[in-house]
Trainee: 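Questions regarding the structure given below will be posed in turn.
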Amino acid sequence: MGIDCTLFKSSKFLPPLFVFLHLFFVSASGFGSMAPISAAFGPDGFFCAIDASGKQEVICWGKNSSSLSLSSSSSASIFSVDIPAMAALSGGEGFLCGILANTSQAYCWGSINPGIDLVPLVFRTTAYSHIAAGKSHVCAIRGSYYSDSDSGPVDCWDISRDSNNNTLSSKQSSLFYNQSIASLVFKRVVSGEGFSCAELRDGGILCWGPNSTNLDVSNVSENFIVLAAGSDAVCGISESSGEVKCWGNADSFAGLPTSAGYVTLTAGARHFCGIRFDTHEMNCWGSMNASSIPKNTGFMAIASSDRSICGIREDNLVLDCWFSHSPEAPPGYDPPLELCSPGLCAPGPCREGEFSFNASILNEPDLRSLCVRKDLNICSRCGVNCSDGFFLSSPCTHNSDRICTACSLCQNSSCWDICGVQSSPQTKQKHWHQLRSILLIIGASVAGLVLVLLGWCLHPRVIASKKDATKKQHKSELESGTETDSCAPLAPLCPGIAQIFRLSELKDATNGFKEFNELGRGRYGFVYKAVLADGQQVAVKRANAATIIHTNSRDFEMELDILCKIRHCNIVNLLGYCSEMGERLLVYEYMPHGTLYDHLHGGLSPLNWTLRLKIAMQAARGLEYLHKELMPPVVHRNVKTSNILLDSHWGARIADFGLITSNDDDISGDLTSDVYDFGIVLLEIISGRKACDRDYTPSSIVEWAVPLIKQGKAAAIIDRYAALPRNVEPLLKLADIAELAVRGNPSERPMISDIASWLEQIVKDGLIL
């Protein structure tokens with residue numbers, strides 16, 4: 001059952017709620033914290049994160065100026081070594097540690113010889129539930145990571161460098177392990193420079209190590225939902241009040257927040273940052289320059305080194321990094337384009353105030369979970385408010401966070417107060433002018449209708465002949481494609497004519513591939529809106545690191561050869577490419593009206609039925625071109641509403657295909673898969689429902705719609721949020737076509753050319769008007 005977030009509309013923090021927010025995991029990392037993203041400190045610092053592939057693999061990246069052993073295939077400085085799948089990460093100075101996803105054993109690696117496990121042999125077979133890396137030591141709590149028990153005794157070991165600073169080594173620690181803590185049971189641990197602190201199972205905090213006396217935590221007896229340690233300070237979030245409390249060097253937590261509540265913390269060398277409870281925005285305090293931290297952006301997890309901060313954005317799980325100090329600081333970290341885990345995988349159901357992160361929102365057909373086991377969940381805290389300029393359009397449910405929508409899309413009284421619509425005299429005046437204009441238009445329309453009726457009565461023959469001429473012209477336009485496609489003739493582009501772009505000009509055109517230029521993402525990578533030097537708007541598709549690593553130069557050339565041959569008015573056509581400095585960039589036509597998914601499900605302007613039928617027909621034409629007119633045929637294999645784009649004339653264009661030709665003698669199975677996926681698109685167009693929506697039962701649109709269509713009740717699936725047309729017969733025909741396309745037996749599915757012909761006939765008949 002979903003969480004009713006309407007209980008938490010107030011922006012004021014509600015301390016009692018933290019009674020329910022005992023965390024399964026910590027979504028931030030500094031010295032000692034455990035998270036899905038973490039940072040190694042010092043001159044050889046680097047970041048690592050657990051990616052969102054469902055395999056819990058680890059990706060690492062370093063500074064732009066780093067001399068580490070890195071792969072040269074990506075501008076993001078990705079580590080070239082294989083790191084085992086991880087359940088959690090924690091960073092020290094020049095090294096990172098984690099808990100292995102499959103065995104709960106500890107594993108540590110560094111910037112020097114990153115392929116060597118730095119865990120001492122005596123501890124390598126021990127299972128741990130929690131791990132914390134300090135500047136030069138590590139402490140870990142014994143116990144299985146995925147077990148119900150979250151407490152146990154602690155082990156500690158040192159990690160040191162040789163005199164030449166060329167080798168990292170480890171040994172069991174004497175400074176950080178003694179008889180005074182040997183018999184104690186801890187719940188969680190953090191480590192800093194010369195100290196470790198842990199929360200006792202029965203409450204309170206205990207610190208040990210040579211620098212622990214500087215923290216003065218001897219009188220702390222309460223419980224905390226998260227702890228984070230910097231070089232010389234510790235901060236925690238009180239379980240009872242949600243208040244952030246800190247101990248140690250006061251300069252490291254100067255400006256400690258008192259008004260907003262937080263759900264997680266991270267620490268730099270001498271600063272702290274937290275994700276706010278209400279909006280999921282990030283705030284920082286201590287010795288740092290916070291001017292570069294993004295505003296009005298929510299985060300799921302954050303990590304900080306001594307000079308930079310990286311976070312995983314809540315809207316799309318994209319990595320984002322920025323400086324934590326002055327602009328004169330050394331070069332920062334350029335993160336890879338992979339999506340990263342929003343939290344740590346843990347057993348058991350989510351608790352009140354949390355939601356289980358649903359992998360389906362990532363829009364990846366092959367991804368069902370973000371965890372290596374199906375019984376694991378990533379439980380994230382619900383946001384209860386939205387940032388300035390946004391309003392709460394959907395509350396938090398059991399598998400989805402609250403949805404915030406831009407105030408520019410506020411269209412009714414439910415969001416006027418939040419967006420300040422009613423309180424603005426200018427806005428009221430604007431609405432009055434709009435209403436007056438509408439009334440004038442209605443009045444003029446009525447008067448015009450009277451004149452038309454009068455003229456019709458007086459001159460029936462003239463009107464009839466004009467209607468005849470209009471029908472002939474309409475039919476001619478349909479047959480030529482000018483009316484339905486709005487397509488100009490397409491000049492040949494390839495081979496040898498595709499424009500070659502320089503990396504520098506595409507970087508300038510996209511403002512450095514920044515998130516505010518991002519249009520979306522697909523299997524290949526991320527897509528950015530770009531404005532070239534001559535003012536032309538284009539879309540730039542940038543390959544992610546995984547694509548680059550798994551696609552050699554020959555494969556890229558083959559893909560270019562295929563894409564250069566594809567030219568059609570219902571296809572997003574290639575304009576050029578860039579293959580420079582290890583980057584793979586494709587430049588396409590820009591589609592200003594976004595995706596069909598955005599208009600059906602994403603809050604953009606709704607589509608009328610005439611336009612929906614036209615889009616369905618044109619998308620079918622695009623697929624027909626791929627299947628029938630290209631030799632060898634191109635099988636899309638990823639047909640969905642987010643891959644149907646709308647051009648400046650609202651024409652439908654098929655996108656996101658490449659390296660997908662089939663040279664097999666029998667490719668009918670592949671072609672019918674495209675037909676099946678297109679049938680789902682048709683069902684979405686008719687019903688307005690998503691292909692898979694867990695807020696409904698059944699969640700599958702096929703399982704819900706097909707039985708109704710077969711029972712002759714197709715009218716029941718028509719989108720109730722769109723005004724019904726005068727004649728629903730074309731929509732019923734559309735439903736019948738969709739039912740044929742999604743039949744379980746591929747041999748019973750029609751060819752895409754048949755579907756295109758049927759849809760064209762429906763559009764030609766024009767009975768929807």
Side-chain angles (χ1 to χ4, degrees), residues 23-41 48 50 86-100 104-110 118-120 123 126-143 145 150-159 170 172-173 175-177 181 184-201 205-212 215 217 224-237 247-248 264-269 272 301-305 344:
L23 301 184
F24 289 120
F25 58 89
V26 179
S27 293
S29 183
F31 269 155
S33 299
M34 192 174 74
I37 180 172
S38 190
F41 286 64
C48 290
I50 299 171
M86 292 286 175
L89 303 172
S90 182
E93 185 172 77
F95 69 93
L96 246 69
C97 291
I99 295 176
L100 296 179
S104 296
Q105 295 168 351
Y107 183 91
C108 297
W109 69 98
L118 297 175
V119 177
F123 297 129
T126 305
Y128 293 102
S129 62
H130 207 275
I131 195 166
K135 180 177 180 180
S136 58
H137 74 283
V138 181
C139 288
I141 297 173
R142 295 182 203 168
Y145 178 82
D150 61 352
S151 57
V154 68
D155 291 329
C156 297
W157 57 90
D158 297 328
I159 293 182
S170 62
Q172 186 172 357
S173 178
L175 285 175
F176 294 92
Y177 189 77
I181 64 170
L184 299 178
V185 178
F186 299 101
K187 290 196 296 185
R188 60 177 58 88
V189 61
V190 293
S191 300
E193 185 173 344
F195 70 88
S196 284
C197 295
E199 186 177 358
L200 294 162
R201 180 177 59 184
I205 296 176
L206 176 68
C207 296
W208 63 93
N211 297 339
S212 61
L215 301 173
V217 297
F224 293 85
I225 61 170
V226 65
L227 296 172
S231 292
D232 52 11
V234 176
C235 287
I237 300 173
W247 307 269
T264 194
L265 300 173
T266 186
F272 290 83
I302 53 177
S304 181
S305 68
L344 298 180

Trainee: Quick one: do W208 and C156 satisfy side chain to side chain contact (heavy atoms under 4.5 Å, CB included)? Show the steps, please.
Mentor: CA-CA 11 Å; W208 63 93; C156 297; 4.1 Å; yes

Trainee: Mind checking the CG-CD1 spacing from L100 to I131? Nearest 0.5 Å is all I need.
Mentor: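 So the gap between those two atoms works out to 9.0 Å.
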
Trainee: Within the 4.5 Å heavy-atom criterion, are K135 and F41 side-chain neighbours or not?
Mentor: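 They are not in contact (no side-chain heavy atoms under 4.5 Å apart), so the answer is no.
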
Trainee: Over all heavy atoms of both residues, which pair between Y145 and S129 is shortest? Give the atoms and the distance, please.
Mentor: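 Nearest pair, atom of Y145 first, then S129: CD1-O, 3.5 Å.
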
Trainee: Would you please name every residue forming a side-chain contact (heavy atoms from CB on, under 4.5 Å) with S212, sequence neighbours left out?
Mentor: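 By the side-chain contact (heavy atoms from CB on, under 4.5 Å) rule, S212 matches F195, C207.
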
Trainee: How far apart are the C-alpha atoms of V234 and V217, what are their side-chain angles, what is the distance that settles it, and do they pass the side chain to side chain contact (heavy atoms under 4.5 Å, CB included) test?
Mentor: CA-CA 9 Å; V234 176; V217 297; 5.7 Å; no

Trainee: Can you tell me how far apart CG (L206) and SG (C197) are? Round to the nearest 0.5 Å.
Mentor: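 Between atom CG of L206 and atom SG of C197 there are 8.0 Å.
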
Trainee: Atom NZ in K187, atom CD1 in I141: separation rounded to 0.5 Å?
Mentor: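 Reported value, rounded in 0.5 Å steps: 10.0 Å.
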
Trainee: For the side chain of S231 and the backbone of E193, is there at least one donor-acceptor N/O pair under 3.5 Å apart?
Mentor: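 Answer holds: no.
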
Trainee: In terms of the angle between their ring planes, are F224 and W247 parallel, tilted or perpendicular, with boundaries placed at 30° and 60°?
Mentor: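 The rings of F224 and W247 stand perpendicular, inter-plane angle above 60°.
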
Trainee: Are L118 and W157 packed together at the side-chain level, in the sense that at least one heavy-atom pair is separated by less than 4.5 angstrom?
Mentor: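 SC-SC contact between L118 and W157 ruled out.
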
Trainee: Hey, does the side chain of T266 reach the backbone of S304 with a donor-acceptor pair shorter than 3.5 angstrom?
Mentor: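 At least one qualifying donor-acceptor pair exists.
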
Trainee: Atom SG of C48 and atom CH2 of W109: how far apart are they, to the nearest 0.5 Å?
Mentor: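 Nearest 0.5 Å value for the SG-CH2 distance: 5.0 Å.
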
Trainee: Where is the tightest heavy-atom contact between L89 and P36, given as atom of each residue plus distance?
Mentor: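 Taking L89 first and P36 second, the nearest heavy atoms are CD1-O, 3.7 Å.
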
Trainee: Rounded at 0.5 Å granularity, tell me how far SG in C235 sits from CG in L265.
Mentor: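 If I round to the nearest 0.5 Å, the distance is 6.5 Å.
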
Trainee: Is it true that a side-chain atom of S90 and a backbone atom of A133 form a donor plus acceptor pair closer than 3.5 Å?
Mentor: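 The answer is yes, because a donor-acceptor pair under 3.5 Å joins these two groups.
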
Trainee: Do I50 and L344 have side chains that get closer than 4.5 Å, going by heavy atoms?
Mentor: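 Yes, their side chains come closer than 4.5 Å.
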
Trainee: Ignoring hydrogens, what is the shortest heavy-atom contact between A301 and I37? Give both atom names and the distance.
Mentor: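 Taking A301 first and I37 second, the nearest heavy atoms are CB-CG2, 4.0 Å.
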
Trainee: Do you know which two heavy atoms are closest between A198 and F186, and how far apart they sit?
Mentor: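 The pair with the smallest heavy-atom distance is CB-CD2, 3.2 Å.
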
Trainee: Is there a side-chain contact between M34 and I99 in this structure, where contact means two heavy atoms from C-beta onward sitting under 4.5 Å apart?
Mentor: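 When only atoms from C-beta onward are counted, I99 and M34 do touch, with a gap below 4.5 Å.
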
Trainee: Among residues at least two apart in sequence or on other chains, which ones pass side-chain contact (heavy atoms from CB on, under 4.5 Å) with D232?
Mentor: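 D232 satisfies side-chain contact (heavy atoms from CB on, under 4.5 Å) with N249, S252, R270 once adjacent residues are dropped.
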
Trainee: Between atom CG of L184 and atom OG of S151, what is the distance when rounded to the nearest 0.5 Å?
Mentor: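 Here the rounded value is 12.0 Å.
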
Trainee: So, for S38 and G91, which heavy atoms are closest and what is the spacing to 0.1 Å?
Mentor: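 Taking S38 first and G91 second, the nearest heavy atoms are OG-N, 2.9 Å.
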
Trainee: What orientation do F123 and Y128 show, parallel under 30°, tilted 30 to 60°, or perpendicular over 60°?
Mentor: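 The arrangement is perpendicular - the two ring planes meet at more than 60°.
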
Trainee: Run the side chain to side chain donor-acceptor pair (under 3.5 Å) test against S173 and tell me which residues pass, sequence neighbours left out.
Mentor: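 For S173, the residues satisfying side chain to side chain donor-acceptor pair (under 3.5 Å) (neighbours in sequence not counted) are D158.
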
Trainee: Which heavy-atom pair separates G194 from H137 by the least distance, and what is that distance?
Mentor: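 Scanning both residues completely, I find the closest heavy atoms to be N-CE1, 4.4 Å.
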
Trainee: Compare all side-chain heavy atoms of I205 with those of L227 and state whether any distance is below 4.5 angstrom.
Mentor: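 SC-SC contact between I205 and L227 confirmed.
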
